[in-house]
Amino acid sequence: MTDVSHHAATPRRLDPRSLVLTAVRKLPSLLFGIPLVATMNGTGRIWLIPLALAALIVGATSLWLRWRSFTYAVGVDEVVIAQGIVNTRRRSIPIDRIQDVAVERGPLARLFGLATVRLETGAGETDEGLLDGVSLAEAQRLRGLLRGPALGPVGRTMATTDTATATAPAERILFAMGGRRIALMGAFGFSLVWLAALGAVWQAADGFIDLDYDRVVDRIGTARTAATRALSLLTVLATGGALLATGVVAGFVHTLMTQHGFRLSLADGRFHRVRGLLTRTEVIVGIARIQLALVERGPLSGRLGWASLRFQTLGGSDDAGGRQDMAPFARDAEIAAIVAAAGLPAFDPQPLRTVAANHVLRSALVHAGAPLVALIVAGILFPPAFFGLLLLPVPIGSALLARRHHRYALAGRSLQVTRGVLTRREWTVPHDAVQAVSLSRSWLQRRLGLVTVRIDTAGARGLHRPDIVDIAPADAVRLAANLTMTEMKWETVRSSGVATPVTTPQRGPDDERNDHEHHDTEG
Amino acid sequence: MSIPELPTMRPLDPRQVAVLRAHGAAAAVPVLLATGVAELALAANDGPNGIVAALALLVVGWLVMVAPRRRWRRWSYAFTSHELHVASGWLTQVHTIVPVARVQHIDLAQGPAERRYGVATLVLHTAGTDHSRVTVPGLARADAESIRDTIRAHMLPTPSASARPVAPS
């Protein structure tokens with residue numbers, strides 16, 4: 001494996017066993033043929049045999065052709081993936097654009113001794129560099145070759161010897177979760193989402209079993225009489241308890257499936273994460289690719305001192321938020337160690353400053369104003385709805401607390417933001433990860449003298465961005481100026497002593513406020 | 001160290017109003033066509049004539065005469081050789097700041113109307129998510145080109161310019 005470039009030029013095919021694996025994966029689709037067979041009469045069934053054979057041959061041939069036409073080659077500075085029988089497609093991925101190399105092994109793939117390698121680049125496409133079905137040894141070879149040549153030849157040679165089980169000497173385990181920790185995490189993993197999912201599955205299965213309309217009507221009838229007869233407090237409690245238990249068990253099972261054997265280690269400037277019970281996933285996250293750190297504290301587990309740590313990476317991840325779990329259930333000290341290993345400053349809540357006082361007013365107007373109007377309208381039509389007004393202190397209360405829990409500060413070369421009342425989130429965004437900053441003011445915010453500062457980072461997907469909602473215009477401008485001050489500009493500032501060579505003369509905060517009011521009159 | 005403040009924003013090139021007017025006129029064509037069809041249908045069925053046409057004329061008048069100037073006024077920009085500022089929006093006003101060092105690549109786009117009036121749209125691509133594309137419409141062609149050339153000179157040569165340097169101490 002030492003003369004990489006020599007071997008690399010020759011294109012390789014996926015492991016032949018992946019053919020069988022793909023065929024097995026496609027088996028469930030055959031089930032759709034069963035109703036067809038069932039509805040056919042005798043003569044039809046005789047014709048079916050050659051038809052099925054023909055379909056089988058066509059399917060197998062196309063599978064084989066597709067496998068034959070799919071090749072990949074690792075060159076000195078790029079990976080070339082060619083595929084397609086009629087429409088051939090040749091994709092070359094420059095190696096220095098590859099952000100993460102993920103190795104994934106599903107239960108079936110493990111049976112066949114195969115692994116899926118996913119090359120993640122900054123682009124949004126998920127299937128960009130997907131090698132579905134290479135041998136485990138090949139997967140490890142690829143990972144060794146591709147995980148960041150920028151970090152020198154050490155990584156290349158070391159990676160070939162390092163496997164999922166054996167720990168290379170330079171690898172340092174940062175965080176691991178044993179059975180007890182996972183069980184504890186599972187206990188907090190209770191979620192109504194699992195209940196809903198289970199309910200949907202149950203309903204689907206139920207519907208599958210009896211589609212007979214009369215019987216369904218009959219069932220509803222009996223269910224109704226049974227319900228009216230048995231609707232005592234006891235049954236309600238029992239049902240609730242059963243649902244709760246199901247939720248807890250489901251959350252527990254889900255946690256076990258995804259987090260079993262969680263291990264996070266660090267070697268050569270890259271985090272290496274392994275986890276999963278049936279589907280075992282391996283993810284490499286290069287430190288240079290980390291865009292921000294997000295610590296999340298749940299409503300209950302957070303109060304008991306547990307938190308989760310995720311990194312947002314340039315390449316994103318399969319996670320809906322585009323972030324990689326680094327420690328899903330950990331103590332603050334454990335999280336601090338990982339954050340420090342990533343070269344990020346520790347999250348320090350002490351110097352953080354709160355957002356503008358009017359944030360409370362705006363939150364109350366937005367979160368309580370709309371329900372208030374709705375309740376008054378409802379109350380006019382249906383007077384008992386006025387009792388709903390008693391609930392209004394809830395949004396007002398959370399609005400009051402929102403300001404206490406929404407703080408931010410520039411700590412050294414990074415921005416730290418915390419937001420959230422029930423689930424508390426803490427972001428640490430390195431200065432250099434800020435791609436663009438925008439100051440946005442809605443109609444209401446202009447009236448209240450507030451600005452929302454949105455910080456745009458690479459690879460952000462979904463919710464929970466490190467935005468700072470509702471601060472005074474002068475603060476927003478100062479913050480934005482600091483955040484957009486790049487390396488280059490810092491140099492100019494230091495060398496020349498002037499802020500910006502091309503900008504207009506220095507202006508005080510008063511002028512800048514005038515500037516904002518000027519905008520107001522325009523709007 | 002002195003903290004730099006927001007630079008004075010410059011309005012778009014006045015010729016952009018004409019471009020927006022042309023766009024408004026283009027948008028008005030289907031409206032007028034639909035009105036013609038509706039009027040004919042109403043006339044054939046002895047319906048009241050003129051109401052639809054009057055409404056359509058109001059809409060077209062707004063699109064061509066009133067809206068372009070208003071939309072033009074919403075926009076402003078500033079370029080400080082280190083960052084590009086773009087402000088726009090009516091109900092929600094957004095002021096976006098893109099540091100030049102974060103620009104991945106730049107496009108200069110010109111539609112038919114823009115070519116006719118000598119203006120151009122500058123498009124900055126960053127590695128960001130919401131601001132992966134920041135556009136400044138209605139710059140005088142020469143201004144847009146000079147901004148583009150300045151940014152190009154400042155752009156980092158490596159393709160992964162957005163990646164952080166390893167382990168900042």
Side-chain angles (χ1 to χ4, degrees), chain A residues 94 96-97 122 150-151 269 287-291 314 342-343 413 430 432-443 445-446 454 456-461 465 477-478 480-489 492-493 498-504 506-509 511-512 515 519 522-523, chain B residues 1-11 70 73-76 78-104 124-134 150 154-156 158-169:
Chain A
D96 43 293
R97 291 282 178 102
L151 285 123
I287 285 181
R289 311 297 184 194
I290 295 169
Q291 302 295 305
L314 204 50
R413 299 281 286 146
D432 302 315
V434 177
Q435 301 292 333
V437 175
S438 70
L439 312 176
S440 122
R441 296 187 303 156
S442 68
W443 182 87
Q445 282 179 309
R446 287 201 293 280
R454 295 189 198 287
D456 198 24
T457 52
R461 249 181 280 161
R465 309 276 174 87
V477 168
R478 203 159 296 135
N482 274 314
L483 282 173
T484 53
M485 192 181 283
T486 51
E487 216 68 70
M488 188 174 81
K489 198 163 154 186
T492 332
V493 172
V498 230
T500 41
V502 185
T503 35
T504 47
Q506 295 282 314
R507 297 178 307 149
D511 295 350
E512 153 216 314
D515 199 19
H519 272 278
E522 263 180 25
Chain B
M1 189 198 75
S2 63
I3 293 158
E5 307 294 344
L6 285 183
T8 10
M9 303 296 280
R10 297 173 56 185
R70 292 174 68 104
R73 218 172 41 207
R74 305 273 167 240
W75 285 84
S76 60
F79 181 62
T80 70
S81 87
H82 285 302
E83 59 214 16
L84 183 78
H85 295 247
V86 195
S88 67
W90 169 52
L91 266 180
T92 297
Q93 295 173 354
V94 183
H95 182 120
T96 305
I97 308 164
V98 185
V100 167
R102 298 284 181 264
V103 175
Q104 300 279 313
L124 305 187
H125 297 261
T126 73
T129 315
D130 298 327
H131 295 107
S132 58
R133 250 178 75 97
V134 177
T150 317
H154 279 301
M155 265 163 62
L156 301 180
T158 50
S160 52
S162 54
R164 285 198 303 125
V166 184
S169 50

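The figures that follow rest on heavy atoms only: side chains count, while hydrogens, waters and symmetry mates do not.
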| note | If you tally heavy-atom pairs under 4.5 Å between each of B:Val86, B:Thr126, B:Thr92 and chain A, the highest tally belongs to B:Thr92
| task | Pick out which of B:Ile97, B:Val98, B:Val100, B:Leu84 makes a side chain to side chain contact (heavy atoms under 4.5 Å, CB included) with A:Thr484. | result | B:Ile97
| query | Do side-chain atoms of B:Arg102 reach the backbone of A:Ala433 as a donor and acceptor pair under 3.5 angstrom? | reply | no
| field | Nearest-0.5 Å distance that lies between atom CG in B:Leu6 and atom CZ in A:Arg478 | value | 11.0 Å
| query | Run the side-chain contact (heavy atoms from CB on, under 4.5 Å) check on B:Gln93 and A:Leu439 step by step: do they pass? | reply | CA-CA 8 Å; B:Gln93 295 173 354; A:Leu439 312 176; over 6 Å; no
| query | What pair of heavy atoms forms the shortest contact from A:Gln435 to B:Pro99, and how long is it? | reply | O-CD, 3.3 Å
| message | Nearest 0.5 angstrom please: A:Arg465 CZ to B:Thr129 OG1, how far? | response | 5.5 Å
| Does B:Asp130 reach the main-chain N or O of A:Asp456 with its side chain, forming a donor-acceptor pair under 3.5 Å? | no
| Segment of A:Arg454 engaging chain B (4.5 angstrom heavy-atom cut-off) | neither
